[in-house]
Amino acid sequence: MSYDDTSLANVPPVEDKDLLIPRQKYLLSGVHVGTGVRTKDMERFIYRVRPDGLCILDIRKIDERIRVAGRFLARFDPERVLAVSARIYGFKPVRKFAEYTGATHITGRILPGTLTNPQAPLHLEPDVVLLSDPRVDRQIHVESVRMGIPVVALVDADSMLENIDVAIPANNKGRRSLALVYWLLTREVMRQRKVIPPDGDLPESYEDFATRIMGVR
């Protein structure tokens with residue numbers, strides 16, 4: 001028996017008009033395909049579990065949380081938002097988010113003391129932090145909590161939600177998934193700030209936010 005997670009039969013019933021983008025686009029990006037490990041914290045975001053053990057995240061909740069996070073991030077001064085990704089597939093999406101919204105960003109290795117030590121080579125004092133994966137971006141997460149900085153984070157089925165203020169359920173490991181979430185989040189922030197109209201779009205597609213695979217054009 002075949003289990004095709006791009007099939008509309010495998011997602012909860014919802015009309016395209018009620019989503020930020022047609023649900024087929026969500027499915028094609030793999031944003032809903034979570035890990036085989038799940039935590040109790042994340043049960044409310046999981047729609048079902050496939051026979052092979054992989055968790056399928058609820059697209060309605062992914063969409064809802066991107067809206068919530070967009071509204072939340074739009075409240076802050078652009079340069080006081082810090083977007084982070086230590087995972088390579090998050091590098092370009094984070095850079096694009098920062099480019100469009102004016103946020104500060106860090107990709108790659110994060111030096112201890114970035115938020116807590118004023119003498120650190122790169123010391124930052126953001127008002128809010130956006131993490132691509134709280135487990136991989138743990139250094140900034142720990143320092144954010146220590147400094148009382150609110151945290152927005154992309155969380156997969158295996159994530160813990162402790163010390164996360166706004167959680168966005170999503171496949172936070174996939175190249176296309178990260179690109180889509182950051183593209184949508186960028187668009188939402190810009191809409192909320194009235195930089196673009198309420199139904200406005202970005203000049204680039206979400207594919208333009210995706211990290212290229214070596215050797216693939």
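In what follows, every heavy atom counts, from backbone to side chain, and hydrogens, waters and symmetry copies are set aside.
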Next on the checklist: One pair to check against side-chain contact (heavy atoms from CB on, under 4.5 Å): Val81 and Phe76. What are the steps and the verdict?
Outcome noted: CA-CA 7 Å; Val81 177; Phe76 296 89; 3.9 Å; yes
Item to check | Arg80/Glu125 under salt bridge (charged side-chain N to carboxylate O under 4.0 Å, His left out): CA gap, chis, key distance, verdict | outcome: CA-CA 7 Å; Arg80 305 287 287 184; Glu125 297 181 352; 5.0 Å; no
Item to check | Salt-bridge criterion met for Asp208 and Lys96 (N-O under 4.0 Å) | outcome: no
Next on the checklist: Ignoring hydrogens, what is the shortest heavy-atom contact between Leu115 and Val129? Give both atom names and the distance.
Outcome noted: CD1-CG2, 4.4 Å
Next on the checklist: Check this for me: does any side-chain nitrogen of one of Arg191 and Glu188 sit under 4.0 Å from a carboxylate oxygen of the other?
Outcome noted: yes
Checklist outcome for this item: Applying side-chain contact (heavy atoms from CB on, under 4.5 Å) to Arg71 and not counting sequence neighbours gives Arg67, Val68, Gln192
Item to check | Full working for side-chain contact (heavy atoms from CB on, under 4.5 Å) between Leu180 and Tyr26 | outcome: CA-CA 8 Å; Leu180 180 64; Tyr26 273 126; 3.8 Å; yes
Checklist entry - Would you say the side chains of Glu143 and His141 form a donor-acceptor pair under 3.5 Å? => result no
Next on the checklist: Distance alone, cut at 3.5 Å: any donor-acceptor contact between the side chains of Arg176 and Tyr206?
Outcome noted: yes
Checklist entry - Between Val136 and Leu82, is there a shared hydrophobic cluster once you connect ILVMFWY residues whose side-chain heavy atoms come closer than 4.5 Å? => result no
Item to check | Sequence neighbours excluded - salt bridge (charged side-chain N to carboxylate O under 4.0 Å, His left out) pairs with any residue from residues 109-121 | outcome: none
Checklist entry - Is the Phe97 ring parallel, tilted or perpendicular to the Tyr182 ring (thresholds 30°, 60°)? => result perpendicular
Checklist entry - With no hydrogens and no angle check, do the side chains of Ser177 and Tyr89 hold a donor and an acceptor under 3.5 Å apart? => result no
Checklist entry - Does one hydrophobic cluster hold both Ile21 and Phe209, with members joined at side-chain heavy-atom distances below 4.5 Å? => result yes
Pairs under 3.5 angstrom only: tabulate donor-acceptor contacts from the side chains of residues 144-162 to other protein residues two or more places apart or in another chain.
residue : atom : partner : partner atom : Å
Ser144  : OG   : Ile140  : O            : 2.7
Asp156  : OD1  : Thr35   : N            : 3.4
Asp156  : OD2  : Lys173  : NZ           : 3.1
Asp158  : OD2  : Arg135  : NH1          : 3.1
Ser159  : OG   : Asp156  : N            : 3.0
Ser159  : OG   : Asp156  : O            : 3.3

